[in-house]
Amino acid sequence: MITFSRSVAVPDEEVTFSAIRAQGAGGQHVNKSSTAIHLRFDINASSLPDEWKARLLAASHHLITAEGVVIIKAQEYRSQEMNREAALARLVMLVRELTATQKRRKETRPTRASKVRRLEAKTHKSATKAMRGKVRGMPD
C-alpha cells in the first residue's frame with residue numbers, strides 16, 4: 001500500500017514501474033544495466049477520493065500529462081531499488097502538495113494601541129522631514 005495521508009492509501013498495483021537505462025556519465029556500467037525507473041500512475045483509474053482526483057487533474061504540473069497520468073523518472077542512484085523508492089517518494093510528495101488545502105485566513109483588526117503607535121510614528125517621521133526643508137525667516 002502506498003500511503004498519502006492517514007485516511008488515503010492506494011494499492012501497489014495502481015503504480016507501474018519499468019526499468020530503463022539511465023542517462024549521463026557512469027562508464028560501462030551505465031551502458032549495460034537498467035537502473036533508472038519510470039513510474040506511471042493513472043489518476044483517473046486510481047482509487048483516490050474523487051475530490052483529490054479533481055484537484056490533481058486540474059493542476060498544471062509538468063509531471064502530469066493531459067490524459068491524467070503521472071510520469072516520474074528516477075535515476076539519481078546506481079541501484080534500481082533505491083531509484084524505485086525515490087520515485088515513490090516523489091509521487092507521494094507530489095500528491096500531498098497538490099491536494100493540500102490551505103487554511104482560511106482569519107481576519108484580524110488592529111488594536112487601539114497599535115493604531116496610536118502608527119500615528120505617533122507618522123507624526124515623528126513628518127516632523128523629521130519638515131526639519132530638512134529650507135530655513136525660513138532667517139536674514140541672508
List the steps, then state whether side chain to side chain contact (heavy atoms under 4.5 Å, CB included) holds for Leu39 with Arg90. CA-CA 10 Å; Leu39 175 144; Arg90 283 170 51 194; over 6 Å; no
Please step through side chain to side chain contact (heavy atoms under 4.5 Å, CB included) for the pair Arg78 and Thr35, ending with a clear verdict. CA-CA 6 Å; Arg78 289 182 57 142; Thr35 56; 5.7 Å; no
Full working for side chain to side chain contact (heavy atoms under 4.5 Å, CB included) between Lys129 and Arg132: CA-CA 5 Å; Lys129 289 190 172 192; Arg132 295 181 186 154; 3.7 Å; yes
For Phe4 and Thr99: C-alpha separation, side-chain torsions, deciding distance, then whether side chain to side chain contact (heavy atoms under 4.5 Å, CB included) applies. CA-CA 10 Å; Phe4 295 109; Thr99 57; over 6 Å; no
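Hydrophobic clustering, with ILVMFWY side chains joined whenever heavy atoms are under 4.5 angstrom apart, groups Val70 together with Leu98. Under the 4.5 Å side-chain heavy-atom criterion for Ile, Leu, Val, Met, Phe, Trp and Tyr, Val10 and Val92 are members of the same hydrophobic cluster. In the hydrophobic clustering of this structure, Trp52 groups with Ile43; members are Ile, Leu, Val, Met, Phe, Trp, Tyr whose side-chain heavy atoms approach within less than 4.5 Å, directly or through other members. In the hydrophobic clustering of this structure, Tyr77 does not group with Leu91; members are Ile, Leu, Val, Met, Phe, Trp, Tyr whose side-chain heavy atoms approach within less than 4.5 Å, directly or through other members.
Contact record, Ala86 with Ala74: CB-CB, 4.5 Å, taken as the closest heavy-atom pair. Residues Ser79 and Met82 come closest through the heavy atom pair OG-N, 3.0 Å. Residue Ser46 comes nearest to Lys53 through the heavy atom pair O-NZ, 2.9 Å, listed as atom of the first residue, atom of the second, then distance. Scanning both residues, Leu56 and Ile64, for their nearest heavy atoms gives O-CD1, 3.5 Å.
Looking at Asn83, its side chain does come within 3.5 Å of a backbone N or O of Glu76 through a donor-acceptor pair.
Interatomic distance, CG of Leu57 versus CD of Glu67, reported as 11.0 Å (0.5 Å rounding). With rounding to the nearest 0.5 angstrom, the NZ atom of Lys73 is 13.5 Å from the CZ atom of Arg40. In this structure, CG in Leu119 is found 12.0 Å from OG in Ser126, a value given to the nearest 0.5 Å.
Here the side chains of Ile72 and Phe41 are not in contact, with every heavy-atom distance at 4.5 Å or above.
A salt bridge is absent between Arg117 and Glu120: the closest approach of a Lys/Arg side-chain nitrogen to an acidic carboxylate oxygen does not fall below 4.0 angstrom.
For the side chain to side chain contact (heavy atoms under 4.5 Å, CB included) with Ile37, the qualifying choice from Gln80, Gln75, Glu81 is Gln80, the only one to do so.
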